[in-house]
> 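First the structure, then my questions, so here it is.
Because the structure is a prediction, the values reported are computed rather than measured. Numbers restart at 1 for each chain; the letters A, B, ... are given by sequence-line order, proteins then strands.
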2 protein chains.
Amino acid sequence: MPSKPAAPITIDAVYAAPGYLFRRMQQIAVSIFMEECKAFDLTPVQYAALIAIHTHPGIDATRLSAVIAFDRSTLGSVIERLQAKDYIERKPAPEDKRIKLLYLTKSGAAILREIIPAVEHAQARMLEPLKPADRKALMGLLTQLVDLNNEASRVPLRAEDALEHLGKGG
Amino acid sequence: MPSKPAAPITIDAVYAAPGYLFRRMQQIAVSIFMEECKAFDLTPVQYAALIAIHTHPGIDATRLSAVIAFDRSTLGSVIERLQAKDYIERKPAPEDKRIKLLYLTKSGAAILREIIPAVEHAQARMLEPLKPADRKALMGLLTQLVDLNNEASRVPLRAEDALEHLGKGG
DNA sequence: TGTTGATTGACAGTATACTGACGATCTAGG
DNA sequence: CCTAGATCGTCAGTATACTGTCAATCAACA
């Protein structure tokens, strides 16, 4: 018996792999977002950061990264770009010289109001090819899976407890 | 009636947005892949490229990008790195001086055989938190959605027809 | 044959991601 | 007060992604 050259290694296994499908879907999602929002010069990441700062005015960069589960190093340049566009401003914290607090500017609040319809349209478009019941099912399963895998990511989501040190009492 | 300051804009809408969940899940997937395969010094993208070259020896970079639906510009540096690691080699095509054909080296074929179990373990881990029936349901819906949104991505997948010019007859 | 248009690989520029390290700063303990 | 450890922002280095451009080359056609 000749020793066979191992199991069939083909590209078809890649096509069916969860990781490959997640990557493709993410790229499709970004593509649709950018197309719907091309009038606004905002990336998905920048949009999420703006929303988070709007929800939590005076948050610092480290806690912001926990609230949206984005890498803290990357967030530095994202904040820089948002600041360069005059959508946010940074103020030193009075009681901690290490921290810089983040606030939306008037421009930032305005662009947020304007872009929301386009963003919602983009989000709807991503799921549009599916039947309504399937959309619900997919989102339900995906929400579960992301939540259950939270600790597996480098930056786990810490939605509420990340804000306990922000002077709201804990 | 005072005109209300628009709908409630909060971070919770982001948490439930398909695009946000796709992004998070992709990052979790990469994290799990890298952890399971840390002994091999191969990224998910490099792995997919290797598999594709193994399946289609003598493919060129442009067709490779269509076969795995990766950006062609990015693929250039991916190929460079795989070549630097001595996993692939590039040979000029005799009948077309523009094209460089891609082949796996012995090292490349070997690392592929060795890494497969780790990759499969990683893929399984991504879905592990879900019940088996839910895993199947999620993968089914995601496969559908990626396929139906194929043209929405910058680099649509062209699995088979991309290879018609490779001398296999068309 | 000579020109036009398409294709290929390469590159520049921008934006995420992640790893690891670093100085400045704050906190706790002694 | 002074030091050890933790935290914050920052940076360097690597790897994807995408846009747009370019020279070399090829294919098609007049």
> Who pairs with B:Asn150 by side-chain hydrogen bond (donor to acceptor under 3.5 Å, both in side chains), at least two apart in sequence or on another chain?
A:Arg24
> Would you kindly give the CG-to-C1' distance between A:Leu75 and D:dT10, to the nearest whole Å?
13 Å
> Take nucleotides 7-14 of chain C nucleotide by nucleotide from the 5' end and write B, S or -, depending on whether a protein heavy atom sits under 4.0 Å from the base, only from the sugar-phosphate, or from neither.
BBBSB---
> To check you understand the geometry: which heavy-atom pair defines the closest contact between A:Gly58 and A:Leu101, and what is its length?
O-CD2, 3.2 Å
> Quickly work out the A:Gln27 CD to C:dT16 C1' distance and round it to whole Å.
12 Å
> On DNA chain C, does the nearest nucleotide to A:Lys97 precede the nearest nucleotide to A:Gln26 from the 5' side, or the other way round? Give the residue.
A:Gln26
> Quick one: side chains of residues 39-53 of chain B, donor-acceptor pairs under 3.5 Å with protein atoms, not counting sequence neighbours, listed by atom name and distance.
unit_1, atom_1, unit_2, atom_2, d
B:Thr43, OG1, B:Gln46, N, 3.1
B:Gln46, OE1, B:Thr43, N, 3.4
B:Gln46, OE1, B:Lys85, NZ, 2.8

> Separation of A:Leu64 atom CG from D:dG9 atom C1', in whole Å?
13 Å
> Sequence neighbours left out, cut at 3.5 Å: what donor-acceptor pairs do the side chains of residues 115-123 of chain A make with other protein atoms?
unit_1, atom_1, unit_2, atom_2, d
A:His121, ND1, A:Glu36, OE1, 2.8
A:His121, ND1, A:Glu36, OE2, 3.4
A:Gln123, OE1, B:Gly19, N, 2.8

> If you take all heavy atoms of A:Leu142 and B:Leu138, which pair is closest and at what distance?
N-CD1, 4.4 Å
> Are B:Leu145 and B:Val155 connected in a single hydrophobic cluster, I mean Ile/Leu/Val/Met/Phe/Trp/Tyr linked by side-chain heavy atoms less than 4.5 Å apart?
no
> Would you please name every residue forming a side-chain hydrogen bond (donor to acceptor under 3.5 Å, both in side chains) with A:Thr74, sequence neighbours left out?
A:Asp71
> Are any side-chain N or O atoms of B:Arg135 and backbone N or O atoms of B:Leu130, one a donor and one an acceptor, separated by less than 3.5 Å?
yes
> Can you list, in residue-number order, the parts of residues 29-53 of chain B that come under 4.0 Å of DNA chain D, counting heavy atoms only?
B:Thr43, B:Val45, B:Gln46
> Please give, in whole Å, the distance from D:dG20 C1' to B:Asp71 CG?
12 Å
